[in-house]
Every structure is written in C-alpha cells, then in structure tokens.
Amino acid sequence: MKPTFYLTTAISYPNGSPHIGHAYEAMATDAIARFMRLDGYDVHFLTGTDEHGIKMLQTARREGLTPAELADRNAPLFKDMVALLGCSNDDFIRTSEPRHHAASKAIWERMQANGDIYLDSYAGWYSVRDEAFYGEDETIVRDGVRYGAQGTPVEWVEEKSYFFRLSAYQERLLALYEQHPEFIGPAERRNEVVSFVKGGLKDLSISRTTFDWGIPVPGDPEHVMYVWVDALTNYITGAGYPDVEGESFKRWWPADLHVIGKDIVRFHTVYWPAFLMSAGLPLPKRVFAHGFLFNRGEKMSKSVGNVIGPKDLVDAYGRDQVRYFFLREVPFGQDGNYSHEAIVTRINADLANDLGNLAQRSLSMIAKNLDGTLPAPGPFSDEDAAMLARADAMLPACREAMAMQQVHQALNVVWAVVADANRYFAGQAPWALRKTDPARMETVLYVTAEIVRQVAILAQPVMPESAGRLLDLLAVPADARDFTVLGPAGRLPGGVALPAPQGVFPRYVETDEAKAAG
RNA sequence: AGCAGAGUAGCUCAGUCGGUUAGAGCGACGGACUCAUAACCCGUAGGUCGGCGGUUCGAUUCCGCCCUCUGCUACCA
C-alpha cells in the first residue's frame with residue numbers, strides 16, 4: 001500500500017485571464033506532485049477556480065453577462081492553462097459545482113452545530129475592492145469620495161451577517177503553531193501569523209446579503225456565504241466531503257500540502273484551521289506560501305504594458321523550458337524576477353550547454369564509435385566511482401529539498417552533478433582514449449550515460465517531456481523511470497542498442513519578436 | 001511606531017555554530033581542446049562581507065547603536 005500525498009494549489013479567481021502568477025503556482029505544485037509520484041506516493045493533486053463573490057458579479061455586469069456565464073466563459077481558460085503547462089492534476093474543481101455547494105453547506109452546518117456561528121448585524125464603511133469593512137476613523141474623504149485604509153473607495157453598508165466565532169480559537173491556533181512549526185512555510189511566514197494571532201482575533205463576518213452570487217446559507221437563503229468560507233472549503237470538496245465515511249475522504253484528507261501565494265497566508269493559516277477545528281475535521285499538514293514574480297523588477301500591470309500571459313511564454317520558449325526557468329531561477333517562497341535575457345540564459349547555459357550537450361557529446365560518441373550500442377563498463381577507476389557516487393547521492397538531497405518545497409534547491413543538486421559530469425568527461429577525454437585505450441573510453445562513456453540517466457529521472461518532475469526524451473535516448477523502459485531505479489540498483493545495462501542521438505534541448509536563438517515578448 | 005528579515009565580487013545569491021588564501025552561477029578577459037548544440041574544460045576577476053563602536057589573541061561571522069531596503073501589525077492624517 002503506497003503512502004498517500006494530497007496537495008493543492010489555491011483556486012484561481014476567474015474574473016480575468018490567467019496570468020503568470022497563476023501559472024507559476026500551478027507549475028511548482030505540479031513539480032512537487034510529480035516528484036512525490038515518482039518517489040512512490042499515491043498522489044492526489046487538486047486545482048481549480050473560485051467562482052463566487054461580488055467581484056465576479058461586478059465584472060459580469062460590466063460585460064453584460066450573468067456571473068454564471070462569466071464563470072463558464074473564464075474557467076476553461078484556467079483549465080486550458082493548466083493543461084498547457086503540462087500539469088498532472090487529478091481533478092479540477094469549480095466552486096460553482098453541485099459537489100462543492102454540498103460540501104460548503106455541510107461544513108457550515110457543522111460549524112453551526114458546534115455553536116460557532118451566530119447572526120448579528122454589521123454596519124460600516126465597506127470597500128468592495130478590499131472586501132473589507134473599515135471603521136469610521138479608518139476612512140478619509142478626498143475629493144468628495146471616502147476611502148478606506150487601503151486607499152480604496154468605501155460605501156456605507158448596513159446588513160445582517162452571520163459571524164464565525166474566530167475569537168474562540170486564538171489559543172488553539174497558537175497551540176497549533178507551537179506544536180506544528182512546520183504547519184506554515186516558509187518559516188519566516190510563521191512569525192507573522194503568530195504575531196497576528198497573538199494580537200487578538202475578532203469574530204469574522206461570514207455571510208453577505210447584498211448580492212446573491214454565492215452559496216446560500218443553509219436555512220437562510222437571504223444570505224450567501226462569505227467567499228472565503230466557500231473558497232477554502234474546496235480543499236475538502238476535492239477530497240470527497242461531506243462523505244466523511246467515504247473511501248475518498250478517508251484516503252486523502254487531511255491534505256499534506258496547500259501551496260498558496262503569500263498574499264493569502266492568513267486565510268489559510270488562521271481562518272481555515274479554525275473552520276476545520278470548528279467542524280471537527282483534521283487539519284492540513286502544511287501550508288506553503290510562494291512569492292510573487294516581477295517582470296524586470298516591476299509588478300505586471302496593464303498600464304506598464306508588461307503583461308505576458310503563460311501562453312506567450314510557452315509559445316516563445318517551450319513548456320519545459322518555462323517550467324525549468326521559473327522553478328530553478330526563483331527560490332520557492334521568495335519573490336522573483338524574470339526577463340527575456342534571464343530566461344534565455346537559463347535555457348542556453350543550463351539546458352542546451354550543460355545537460356543537452358552532455359547527453360549529445362556522450363551519446364554521439366557511442367553512436368559513432370560503438371555502433372550505437374551502450375558499452376558494458378570495465379573496472380571503475382577512482383574518478384568513475386566518485387562520479388557515480390555523486391550521482392547516487394542526488395536522491396536523498398533532492399528529497400530533503402522537496403520535503404520543504406525547495407524546488408530550486410533540488411534542481412541545484414541535480415545541475416551540480418551535470419556540471420561535475422562535464423568536468424569528468426573533459427578530464428577523462430574519451431575522444432583521446434579512443435586511440436590509446438578503447439576499453440577505458442567505453443567505461444567513460446558508460447559512466448556518463450549512467451549519469452545522464454539519473455539526471456533525467458530526477459528532472460522529470462520539472463521537465464516531464466524533455467526528460468522523457470532523454471530517457472528514450474538511453475533506451476530506458478517506461479517502467480524503469482521512477483526513483484526506485486536511482487542509484488546502483490538501476491544501473492544501465494551494457495550491450496543495449498540505443499536510438500540515434502537527437503538534441504533534446506536546442507539553444508535559444510534570438511529573434512526580434514521574442515525579445516519584444518520578454 | 002512596534003515586531004521580523006535582509007544589506008557579501010558588475011549582476012543574482014550561497015556561506016562563516018569567530019580563526020590559515022570569503023565561495024557559486026551569470027557576465028568580462030586570457031588559455032586549452034575538438035567528443036559535442038561556436039558547446040565543454042582550465043585560469044584571471046584583487047569584493048573596506050551596509051556604517052560606527054564594543055567583546056576577544058583574533059569578527060564578515062557575537063553584542064550595541066546608526067543608515068538603507070522588504071514583510072507583517074498598529075496608528076496618525
């Protein structure tokens with residue numbers, strides 16, 4: 001019985017088109033999902049769209065649509081993006097689906113039964129943009145318009161609202177952070193959350209009556225659920241809630257990992273565990289917040305004109321290349337920058353020159369000098385053994401990095417071996433051995449091919465297609481590509497006929513239009 | 001304002017639980033080679049490790065203060 005691993009991205013708000021931030025989160029989470037599968041876990045990977053809320057309603061009105069129509073039009077864009085990026089999600093949830101309505105209704109009722117939901121009324125200055133109320137003293141009037149603390153316009157709203165007794169969970173949340181420091185990652189985020197919670201928690205307004213695009217509150221259809229109650233619940237919907245006795249829910253919940261953006265840490269590390277505690281459900285093991293991406297140091301914005309869609313990037317550079325770039329270049333958890341120049345440098349230096357060329361130079365020697373047959377190695381020299389040992393050591397180092405979602409570190413580990421292998425190859429100079437010591441040449445070529453094999457296996461989570469082609473070139477069977485064959489256990493067999501070598505990672509050649517895109 | 005983190009080679013960053021010559025990648029320059037995707041390999045780059053002071057035989061690494069930047073929280077207007 002394989003151990004299970006359930007991981008999620010945040011669900012995207014489809015009142016516009018997917019942007020690079022959505023793509024980044026999906027790519028990174030997919031890499032983690034693929035890594036875990038290859039490492040022997042039974043993985044469930046969920047992503048989707050968060051379709052309710054007043055902003056969807058407003059955007060729909062502006063475009064002359066109903067919110068449901070807007071959601072139906074835009075949700076496929078996100079689904080397509082995920083596919084375009086090669087994501088291996090097992091499910092794509094839309095919060096407008098019946099299964100999600102059922103789950104949201106159920107968790108609400110559980111929280112209510114636990115005495116944590118009460119009806120009260122709320123009056124105050126409300127910012128639609130912030131989806132938040134502000135006290136009178138938090139607002140300012142400028143040019144006849146009143147603005148809230150975040151500088152967004154506010155309007156006076158008075159409505160009845162259900163409240164969640166968040167204040168009752170302060171101590172239990174602090175105990176959670178204390179007992180499970182790994183609950184929040186990266187570690188820096190934990191302190192922020194702890195200090196926020198220590199500062200005192202107020203009860204949370206969790207329903208709205210001013211619009212109806214949402215999930216109706218059970219027993220009081222005048223209200224729809226606050227969009228975050230609805231949105232967060234998607235994670236248990238995806239596991240099969242409310243069928244808590246069902247096989248799916250028992251199998252997948254609690255989630256092992258929620259991957260989110262740093263802007264929504266509080267919802268996931270304060271509100272969400274409180275909701276779950278109230279509903280009597282187990283808590284996710286870990287919430288990891290990644291950073292934001294900036295184009296040449298600037299946040300993407302339409303006015304700056306630097307908005308690049310995921311599709312533009314994939315079209316310009318290739319899917320695996322884009323995945324590799326973002327996951328290697330940006331330390332996962334920190335903000336990062338990207339630019340055309342940086343992407344091209346990574347593609348050419350790391351992929352074409354280092355890995356692609358390593359494969360090509362060794363495989364073409366096998367093709368030309370050994371009739372395309374992978375040689376059986378002779379006795380290993382100290383250099384051979386050292387090189388193999390470095391490759392064999394990759395898996396534990398990658399595991400350690402991936403356990404903390406340090407995807408870039410895992411790639412660093414692998415590419416350090418690629419660099420070593422190029423040094424090894426140049427140092428052994430098999431092209432010279434061809435004349436002086438053909439048997440040694442064969443061993444060196446074998447060792448190099450074996451390094452490429454292990455590198456390719458470990459590159460699969462990030463570049464599934466390209467790494468697969470590399471393994472094809474080594475005639476590695478489809479059932480010998482997971483992590484169980486890393487290390488000495490899965491050494492390439494000598495004497496196997498290899499296909500004609502082909503470049504897997506072409507150099508990026510500059511064109512004017514691509515430059516304009518980056 | 002409080003709390004947290006950061007300030008290291010041209011750029012992006014790693015690192016030092018205090019100690020001989022502070023590292024990597026990219027970029028630049030020089031060299032070598034020819035198996036390979038004009039790739040790879042070797043060498044050089046002389047950086048006050050933000051500033052000042054302290055502890056110490058010795059601090060980039062510990063302590064204090066200051067400056068700058070970032071995040072979180074609060075508040076004022």
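Here is the naming used below: chain letters follow the sequence lines, and residue numbers restart at 1 for every chain. Worth saying up front: this structure is predicted, and the values here are computed from it rather than measured.
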With a 3.5 Å limit on both atom pairs, tell me what [N] is paired to, counting Watson-Crick and G-U wobble, or say none.
N	answer
B/U21	none
B/G5	B/C69
B/G10	B/C26
B/U34	none
B/U56	none

Give [X] one of three labels, base, sugar-phosphate or nothing, depending on what nucleic acid heavy atoms sit under 4.0 Å from its own.
X	result
A/R507	base
A/V344	nothing
A/G199	nothing
A/Q360	base

Provide the distance between the two [atom1] atoms, one in [N] and one in [M], to the nearest whole Å.
N	M	atom1	value
B/U68	B/C62	P	23 Å
B/G43	B/C35	C1'	22 Å
B/U70	B/A32	C1'	46 Å
B/A1	B/A74	C1'	8 Å
B/A36	B/G50	P	47 Å
B/A77	B/G47	C1'	45 Å
B/A59	B/A24	P	26 Å
B/C26	B/C66	P	41 Å

Starting at atom [atom1] of [X], determine the distance to atom [atom2] of [N], rounded to an integer number of angstrom.
X	N	atom1	atom2	value
A/E341	B/A28	CD	C1'	17 Å
A/R346	B/C13	CZ	C1'	10 Å
A/Q428	B/C35	CD	C1'	13 Å
A/E329	B/C11	CD	C1'	11 Å
A/W431	B/C40	CH2	P	13 Å
A/I264	B/C72	CD1	P	14 Å
A/M365	B/A39	CE	C1'	16 Å
A/R423	B/A32	CZ	C1'	16 Å

Checklist entry - After noting the C-alpha distance and the side-chain angles of A/E182 and A/K285, does the key distance pass the salt bridge (Lys or Arg N to Asp or Glu O under 4.0 Å) rule? => result CA-CA 8 Å; A/E182 77 288 354; A/K285 307 275 179 54; over 6 Å; no

Next on the checklist: Please compare A/F425 and A/D354 by the position of their nearest nucleotide in RNA chain B and report the one closer to 5'.
Outcome noted: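 Residue closer to the 5' terminus by nearest nucleotide: A/F425.
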
Item to check | Contact nearer the 5' end of RNA chain B, comparing A/S362 with A/D350 | outcome: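 Counting from the 5' end, the first nearest nucleotide belongs to A/D350.
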
Are the aromatic ring centres of [X] and [Y] under 6.0 angstrom apart?
X	Y	value
A/H22	A/Y13	no
A/F275	A/W228	no
A/F332	A/Y24	yes
A/Y226	A/Y271	no
A/H258	A/Y235	yes

Item to check | Check: B/A39 base within 3.5 Å donor-acceptor of A/N357 side chain | outcome: no

Checklist entry - Would you say B/C35 has OP1 or OP2 under 4.0 Å from some side-chain N or O of A/R434? => result yes

Item to check | side-chain N/O A/N353 vs B/C40 OP1/OP2, d < 4.0 Å | outcome: yes

Look at the side chain of [X] and decide which nucleotide, out of [options], has an atom nearest to it.
X	options	value
A/S364	B/A4, B/U37, B/A36	B/A36
A/E192	B/C41, B/U34, B/G71	B/G71
A/N191	B/U37, B/C35, B/A4	B/A4
A/K368	B/C35, B/A36, B/C40	B/A36
A/A352	B/A36, B/U37, B/U34	B/U37

Next on the checklist: Once you measure the plane-to-plane angle for A/Y508 and A/Y317, does it fall in the parallel (<30°), tilted (30-60°) or perpendicular (>60°) bin?
Outcome noted: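 Ring orientation, 0 to 90° scale: tilted.
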
Tabulate below the donor-acceptor pairs under 3.5 Å that side-chain atoms of residues 491-502 of chain A make, not counting sequence neighbours, or state none.
unit_1 : atom_1 : unit_2 : atom_2 : d
A/R491 : NH1    : A/D392 : OD1    : 3.0
A/R491 : NH1    : A/E450 : OE2    : 3.0
A/R491 : NH1    : A/G487 : O      : 3.4
A/R491 : NH2    : A/D392 : OD2    : 2.7

